[in-house]
Protein chains: 2
Amino acid sequence: MATIRDVAKRAGVSVATVSRVLNETGYVHADTKAAVIKAIKELNYKPNYVARSLYKKSSRLIGLILPDITNPFFPELARAVEDVAHQYGYTVVLCNSDGDLEKEKNYLDVLTQNHADGLIVTTNRQNNMNYIDLDIPVVALDRTLHESIPEVRADHYGGGKMATELLIQRGCTFIAHVRGPSQLGPADERCRGFVNAAEQAGIAYHIVESQFDIPISEQTVSELLDTYPQIDGIFAGNDLIAVAAVKVALKRGISIPEELQVVGFDGIPLSACFYPAITTIVQPIYEMGKWATELLIQLITKKNIAAKTHCFPVKLAERETTKRMG
Amino acid sequence: MATIRDVAKRAGVSVATVSRVLNETGYVHADTKAAVIKAIKELNYKPNYVARSLYKKSSRLIGLILPDITNPFFPELARAVEDVAHQYGYTVVLCNSDGDLEKEKNYLDVLTQNHADGLIVTTNRQNNMNYIDLDIPVVALDRTLHESIPEVRADHYGGGKMATELLIQRGCTFIAHVRGPSQLGPADERCRGFVNAAEQAGIAYHIVESQFDIPISEQTVSELLDTYPQIDGIFAGNDLIAVAAVKVALKRGISIPEELQVVGFDGIPLSACFYPAITTIVQPIYEMGKWATELLIQLITKKNIAAKTHCFPVKLAERETTKRMG
DNA sequence: TTGTATGCGTTATCAA
DNA sequence: TTGATAACGCATACAA
């Protein structure tokens with residue numbers, strides 16, 4: 001590996017001059033510049049980012065902390081983050097925290113000690129003290145970390161309402177919400193949206209709690225349908241729960257959407273390729289990841305900007321688990 | 001941020017001594033050691049990994065280059081790589097190359113300039129010169145890069161045979177293989193396995209090429225069934241193609257598995273949660289990622305070990321798109 | 001317009 | 001058993 005010193009020697013100049021042409025800082029004569037560039041080419045010189053980081057106290061590394069890349073919600077988010085980061089010359093470090101505070105703390109240390117320039121966090125715990133006073137910018141994605149930390153999120157409440165209203169409008173008479181885990185912000189808000197819409201319409205409803213997991217939700221839905229066979233509409237807390245609901249119904253010979261209508265949430269790829277394709281409330285996942293990363297990079301570069309929380313609208317994707325009208 | 005110098009000052013020793021207790025290298029008196037540790041605690045000192053990397057010319061960074069984390073095959077692989085890396089104190093940099101050689105080269109530069117210690121590559125091109133002579137170890141995952149680069153892969157040929165033999169054994173009389181793109185090693189081998197098994201059984205068969213993509217494959221399968229309505233068994237090049245095949249058949253009112261049996265490949269989560277659940281040839285994805293990472297770390301630490309290619313056996317997961325016997 | 005010298009925070013060599 | 005000090009490769013004051 002050639003160093004800046006090798007280049008300087010070969011070009012017959014000092015390292016300072018080489019550095020100047022490298023960073024386009026300060027004056028340098030056209031001829032010397034050409035000589036330096038020639039030497040760089042000949043030696044195939046590439047600056048050592050580690051040395052640069054040491055001096056600059058900035059590594060152009062961004063940490064992406066998420067619970068589990070294996071969860072189908074996250075790959076698209078990760079892709080967006082990585083795309084934007086790379087575009088701005090940043091590099092993404094992948095961290096699967098499993099929502100484990102200890103593990104998170106550990107990643108945080110590694111990231112800090114590597115002088116990461118910023119963090120995008122999608123974690124499960126609220127009021128997570130790990131992230132305040134961190135002296136690098138942090139953006140919370142799809143989660144609330146702390147009031148001091150800007151968030152990029154979707155309108156879960158509005159989405160919950162929208163889903164519920166669709167079920168009602170499509171003629172359901174007894175609707176259920178199989179909600180995600182309590183204490184998870186988005187699950188709570190979706191539930192609130194459901195309740196609000198149901199109350200407002202004066203429709204009979206029931207709520208049951210599950211996990212964002214297909215097998216567990218199959219069990220939950222199964223019990224739900226045993227207890228309330230009159231249910232003709234389900235708003236699932238997310239697409240995984242929706243898939244579980246559809247499978248359970250189909251296995252019981254309940255026809256979808258004729259006898260039971262189902263609406264999911266998230267708009268993960270699975271929802272579209274499932275058969276029947278699942279009607280769902282789509283979050284603009286890629287856009288959210290993109291926005292979060294752009295915001296983070298702004299925070300990194302011009303520390304003075306006001307970091308504002310941003311809420312994305314959601315969109316209904318009507319597919320085959322609800323009745324098509326008209 | 002406290003530095004080693006601050007610690008030294010506070011403990012009343014030299015930086016060399018602090019370094020010694022930090023790295024447990026060289027002798028240091030129990031009392032001084034205690035004093036140093038006390039100072040470290042008090043200052044909440046954390047070593048600066050960037051400085052360490054500069055001196056050691058090793059950053060404990062591992063690059064993971066894959067086409068697209070959004071492709072459902074990769075999250076589990078990425079998870080495995082990250083788990084193992086983290087366990088050994090390495091940090092994973094995520095790179096989506098889209099199979100674009102230019103982009104890959106770019107990532108490679110960034111990684112190299114950051115002194116990454118090794119690379120795990122899952123790319124599409126064979127004989128990719130980007131990776132030879134790279135002076136850091138590289139492991140190819142699920143792909144062949146170059147004869148000089150160790151691979152971790154699954155037995156695609158055997159799996160193709162296995163899938164085909166299952167269809168035959170389950171009573172199919174005219175089978176088709178909707179294969180993945182030619183020039184993609186695994187797709188070729190699965191196809192060879194198909195041909196071999198079909199020839200050996202003397203069964204009527206047909207092969208058509210598609211992409212590892214659901215919408216495109218729906219089109220392909222649709223045309224296939226138009227042309228050869230007598231097909232009663234399909235070996236899909238991967239699970240995405242299998243999903244497409246099942247959907248097309250179901251939409252046409254062809255019952256599965258009674259009239260048409262389908263076998264996929266890969267064992268991605270989607271295959272199991274689809275309804276009907278898809279019979280498939282399961283690759284041990286997590287295990288492969290784990291093995292590749294452990295191999296890479298061995299290559300990083302003891303450069304002298306012989307880097308050997310490793311082929312994992314695949315396993316049949318019989319589910320609902322083939323006829324259950326007895 | 002260019003060069004010298006210093007520091008970024010470590011580790012490791014050599015003396016003491 | 002410990003301490004001074006020279007690297008690691010780069011960027012930047014400051015001089016020239």
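Note on naming: letters A, B, ... go to the chains in the order of the sequence lines (proteins, then strands), and numbering restarts at 1 for each one.
In this structure, A/Leu61 and A/Ser53 have side chains that are not in contact, with every pair of non-hydrogen atoms separated by 4.5 Å or more.
Atom CD1 in A/Ile4 sits about 11 Å away from atom P in D/dT12, given to the nearest Å. B/Arg5 places its CZ atom 8 Å from the P atom of C/dT10, with the value rounded to the nearest Å. Between the CG atom of A/Asn48 and the P atom of C/dC8 there is a distance of 18 Å, given to the nearest Å. B/Lys9 has its NZ atom 14 Å from the C1' atom of C/dG9, to the nearest Å. The CE-C1' distance, from A/Met1 to D/dC10, rounds to 15 Å in whole Å. Between B/His115 atom NE2 and D/dG9 atom P the separation is 7 Å, expressed in whole Å. Here the P atom of nucleotide D/dT12 and the OH atom of A/Tyr27 are 16 Å apart, to the nearest Å. A/Tyr45 has its OH atom 7 Å from the C1' atom of D/dC10, to the nearest Å.
Here the nucleotide nearest the side chain of B/Leu22, chosen from D/dT1, C/dT11, C/dG9, is C/dT11.
A sub-4.0 Å separation between OP1 or OP2 of C/dG3 and a side-chain N or O of A/Ser14 is present. Applying the 4.0 Å criterion to OP1 and OP2 of D/dA11, one finds that A/Arg52 has a side-chain N or O inside that range.
Donor-acceptor pairing under 3.5 Å is lacking for the side chains of A/Glu151 and A/Thr309.
No engagement by B/Val50 is indicated, since no non-hydrogen atom pair under 4.0 Å with the nucleic acid exists. When heavy atoms are screened at a 4.0 angstrom cut-off, B/Thr32 is found touching the sugar-phosphate backbone but no base atom.
The 5' end of DNA chain D is approached more closely, in terms of each residue's nearest nucleotide, by B/Val28 than by the other of B/Lys57 and B/Val28. Between B/Ala51 and B/Lys33, the one whose closest nucleotide on DNA chain D sits nearer the 5' end is B/Lys33.
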Show each protein N/O and nucleotides 12-16 of chain C N/O combination with a separation under 3.5 Å, one pair to a line.
residue : atom : partner : partner atom : Å
C/dA12  : O4'  : B/Tyr55 : OH           : 2.8

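Atoms CG and CG, on A/Leu119 and A/Leu141 in that order, are 12.0 Å from each other to the nearest 0.5 Å.
In this structure, A/Lys38 places its NZ atom where only 12 or fewer heavy-atom neighbours from other residues, nucleotides or ligands lie under 6.0 Å away. Within a 6.0 Å radius of NZ in A/Lys103, more than 12 heavy atoms belonging to other residues, nucleotides or ligands are found.
For residues 65-77 of chain B, the pairs satisfying side chain to side chain donor-acceptor pair (under 3.5 Å) are A/Arg79-B/Asp68, with sequence neighbours left out.
Of all non-hydrogen atoms in A/Gln283 and A/Ala154, the two that sit nearest each other are OE1-CB, 3.2 Å.
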